[in-house]
Novice: 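The structure's right below; bear with me while I get my questions together.
All residue numbers in this chain count up from 1 along the given sequence. The structure displayed is predicted, hence computed values, not measured ones.
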Amino acid sequence: FMALAQNGMALEWASDALRSEPEVVRAALRSRGEALQFAAGERTRLDRDLALVAVQCCGAALKCVHFALLKERDFVLDAVRANGEALHYVPEKFRGDREMALTASAFWAGKGAPRHPSTIPLRAEPFIRRCARKERPEDRSSVLLRQC
């Protein structure tokens, strides 16, 4: 259990019984979000809270989330809220979603930002630009997107 807390990727070599135990998986995910790919059992793989712990630790962990959760817009939005870097890994159908881009921008501008806030335009620009193109010029929200 302690080894997983220090190196979550060790979950790969744990027994199936341990890999399907939510508290064991949670300990692994707190150190390495990508360890989610080694979680076993349908119940563990579909656990929304565990998936959010993984994404909070590492935005790229969104790639390891069960496909059923990735179909839910609310879950994906919560994942981006937990870690703005997850925006890079959202399913294609959500990539032009204005609220996703704004949520990631809010993350990057807030205390949860993993890097200095001055880099927000560099990281968010492709998503914000994509959303802005889909807006009509007279739509006030597109003005907000251009200001981010």
Side-chain angles (χ1 to χ4, degrees), residues 1-134 141 144-148:
F1 204 165
M2 290 300 286
L4 292 173
Q6 292 175 1
N7 180 6
M9 297 305 273
L11 188 63
E12 179 179 9
W13 295 285
S15 69
D16 284 346
L18 284 176
R19 292 186 311 135
S20 62
E21 186 59 43
E23 288 310 312
V24 172
V25 173
R26 187 180 314 277
L29 296 177
R30 285 190 178 128
S31 72
R32 291 289 298 270
E34 306 96 316
L36 183 62
Q37 64 189 307
F38 303 120
E42 198 71 12
R43 183 178 59 108
T44 307
R45 301 279 298 150
L46 287 169
D47 188 312
R48 180 184 175 94
D49 292 334
L50 286 178
L52 289 174
V53 167
V55 172
Q56 186 174 18
C57 180
C58 172
L62 192 62
K63 296 185 298 186
C64 305
V65 170
H66 194 281
F67 71 91
L69 289 174
L70 292 175
K71 291 179 180 180
E72 299 176 21
R73 182 182 181 278
D74 289 340
F75 169 78
V76 176
L77 188 60
D78 286 345
V80 172
R81 192 173 288 120
N83 186 338
E85 298 296 327
L87 186 63
H88 295 285
Y89 306 98
V90 300
E92 188 63 38
K93 70 179 183 177
F94 300 125
R95 291 203 176 211
D97 189 307
R98 172 183 42 201
E99 190 175 1
M100 294 278 175
L102 290 173
T103 299
S105 292
F107 171 84
W108 289 323
K111 291 182 179 180
R115 297 186 205 129
H116 193 275
S118 66
T119 64
I120 292 169
L122 298 175
R123 292 179 283 145
E125 183 180 355
F127 303 102
I128 292 173
R129 196 174 336 124
R130 185 180 302 150
C131 292
R133 273 193 300 243
K134 292 182 177 187
S141 58
L144 291 173
L145 288 172
R146 287 190 209 110
Q147 291 174 351
C148 291

Novice: E12: which residues meet the side chain to side chain contact (heavy atoms under 4.5 Å, CB included) condition with it, sequence neighbours left out?
Specialist: F38
Novice: Measuring from H66:NE2 to Q37:CD, what's the distance to the nearest 0.5 Å?
Specialist: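 Nearest 0.5 Å value for the NE2-CD distance: 14.5 Å.
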Novice: Looking at side-chain heavy atoms only, is the closest gap between L18 and W13 below 4.5 Å?
Specialist: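 The answer is no, as the side chains (C-beta and beyond) never meet within the 4.5 Å cut-off.
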Novice: Please name the pair of heavy atoms, one in A35 and one in G8, separated by the smallest distance, quoted to 0.1 Å.
Specialist: CB-O, 3.3 Å
Novice: Testing the basics here: between L36 and R45, what is the closest heavy-atom pair and its distance to 0.1 Å?
Specialist: O-NH1, 2.8 Å
Novice: Output yes when a side-chain donor or acceptor of R43 lies under 3.5 Å from a complementary backbone atom of E21, and no otherwise.
Specialist: no
Novice: Can you name the residues that form a salt bridge (Lys or Arg N to Asp or Glu O under 4.0 Å) with R73, not counting sequence neighbours?
Specialist: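 R73: salt bridge (Lys or Arg N to Asp or Glu O under 4.0 Å) contacts with D97, E99.
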Novice: The criterion is salt bridge (Lys or Arg N to Asp or Glu O under 4.0 Å); which residues satisfy it with E34, sequence neighbours excluded?
Specialist: R32
Novice: Do you know which two heavy atoms are closest between L87 and A104, and how far apart they sit?
Specialist: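 Nearest heavy atoms, L87 then A104: CD2-CB, 3.5 Å.
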Novice: For the CZ atom of R95 and the NE2 atom of H88, what is their distance to the nearest 0.5 Å?
Specialist: 9.5 Å
Novice: Any side-chain heavy atom of C57 within less than 4.5 Å of one from L29?
Specialist: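 The answer is no; the side chains never approach within 4.5 Å.
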Novice: Between A82 and F107, what is the shortest heavy-atom contact and its length?
Specialist: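 Result for this residue pair: O-CE1, 3.4 Å.
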Novice: Provide the closest heavy-atom pair for A5 versus S31 in the form atom of the first, atom of the second, distance.
Specialist: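 That would be O-CB, 3.2 Å.
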Novice: What I'd like to find out is whether the side chain of R19 reaches to under 4.5 Å of the side chain of V24, using heavy atoms alone.
Specialist: no
Novice: Within this structure, what is the CD-CG distance for the pair E72 and D78, rounded to the nearest 0.5 Å?
Specialist: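 Going from CD on E72 over to CG on D78, the span is 9.5 Å.
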Novice: Is any side-chain heavy atom of E85 closer than 4.5 Å to a side-chain heavy atom of V55?
Specialist: no
Novice: Atom CG in L70, atom OH in Y89: separation rounded to 0.5 Å?
Specialist: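 The OH atom of Y89 is 13.5 Å from CG of L70, to the nearest 0.5 Å.
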Novice: For the backbone of R81 and the side chain of T103, can you confirm whether one donor and one acceptor N or O come within less than 3.5 Å of each other?
Specialist: no
Novice: Atom CG of L69 and atom CG of D74: how far apart are they, to the nearest 0.5 Å?
Specialist: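 So the gap between those two atoms works out to 11.5 Å.
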Novice: Using 4.0 Å as the upper bound for N to carboxylate O, is an ion pair formed by E23 and R26?
Specialist: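 Salt bridge present between R26 and E23.
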Novice: Indicate the atoms forming the closest heavy-atom contact of V25 with A39, along with that distance.
Specialist: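 Taking every non-hydrogen atom into account, CG1-CB, 4.1 Å.
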Novice: If we only count heavy atoms from C-beta on, is the V65 to L62 side-chain gap below 4.5 Å?
Specialist: yes
